[in-house]
Trainee: 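Quick one: the structure is below, and I'll ask about it shortly.
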Number of protein chains: 4
Amino acid sequence: MGHLNHADKSLKQRVARLKGQVLALERALDGGQADCLDVLTQAAAVRGAAQGLMVQLMAHHLRAHVAAPEDAGQRDSGAEEMTAVLARYLK
Amino acid sequence: MGHLNHADKSLKQRVARLKGQVLALERALDGGQADCLDVLTQAAAVRGAAQGLMVQLMAHHLRAHVAAPEDAGQRDSGAEEMTAVLARYLK
Amino acid sequence: MGHLNHADKSLKQRVARLKGQVLALERALDGGQADCLDVLTQAAAVRGAAQGLMVQLMAHHLRAHVAAPEDAGQRDSGAEEMTAVLARYLK
Amino acid sequence: MGHLNHADKSLKQRVARLKGQVLALERALDGGQADCLDVLTQAAAVRGAAQGLMVQLMAHHLRAHVAAPEDAGQRDSGAEEMTAVLARYLK
């Protein structure tokens, strides 16, 4: 299994945006006047951002552990890991 | 449209947990040694937490704006808002 | 719990379209030359159609069992049933 | 792009089960006495079956077009196709 290196700036930017969305959600509730469907829209945006992060991580796994290895056996086990991830999260 | 009042402690606790999960995700990436499928599991947990928050907010809307009003007209418009939310988020 | 009456033509039309999509999926596989991503697109269309049917059924439940009853107790139990459905299917 | 061959019995069995579920859904509505939450459960089962078929097709694509090719360029384009599919369906 590979490791995400420091270079992955775009992943960090995504997580920074996700953090900003959650902090905004917290402020909306703390204000005590938030409308439930407005807060629902913010919660759905957090869900969407987490989903986008998942797709980016899966794409990273696809490139690094399924397509890139020269050894066919490594590629097969990378494909199996990916299939397990899909079965788990595509519900 | 109603407003979420200060009393809604359990919503705030959910958002606090969600914030904790996103901060943990940030630390994992900053460490530079995170495994992509481990980070994927964390991202999926954030998605699940946001989803749970959405269900709680919808349940609040159901009680407060569809079931509770004495006026049938108010109940109908609360039901229509809810149907629009479902069509948008149940994809 | 209420019953869907014969009058619900639009529900039947949705299910008829869904059946057509599944039969087309079957023909694609029987042909033996189908491309996996083409068949995937068809399968995703069946998923989307089933999802749309779910939203329509939830909207029916909202109107008939949460907003419409004159008795507040009936409305509350309709709202509870709906919340259980959301928790189950909004994953 | 590869082609699903006749040999893929398990895919055909999944689609046959999916067809059975849709026909049962049709019968429930035709009966005119179906309970909306019962029909909702059946619709959710069709959605789940379509989802399972999608995962199986993605696993097929992973093995056949991302892991298996000897040529690295073919593997990369298979991975890109897969990433596009994930971005489209993991919403």
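Each chain gets a letter, A, B and so on, in the order its sequence line appears, and its residues count up from 1.
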Trainee: With a 4.5 Å limit on heavy-atom distance, are the side chains of Arg75(C) and Arg75(B) in contact?
Mentor: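 Yes; the side chains approach each other to less than 4.5 Å.
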Trainee: Check whether any side-chain heavy atom of Met58(B) sits under 4.5 Å from a side-chain heavy atom of Thr83(C), and report yes or no.
Mentor: no
Trainee: Would you compute the distance between atom NE2 of His61(C) and atom CE of Met82(B) and round it to the nearest 0.5 angstrom?
Mentor: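 Interatomic distance, His61(C) NE2 to Met82(B) CE, rounded to 0.5 Å: 10.5 Å.
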Trainee: Give the minimum heavy-atom separation between Ala67(B) and Asp76(C), together with the two atoms involved.
Mentor: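 Closest approach of Ala67(B) to Asp76(C): CB-OD1, 3.8 Å.
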Trainee: State the CG-CG distance between Leu86(C) and Leu62(B), to the nearest 0.5 angstrom.
Mentor: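 So the gap between those two atoms works out to 6.5 Å.
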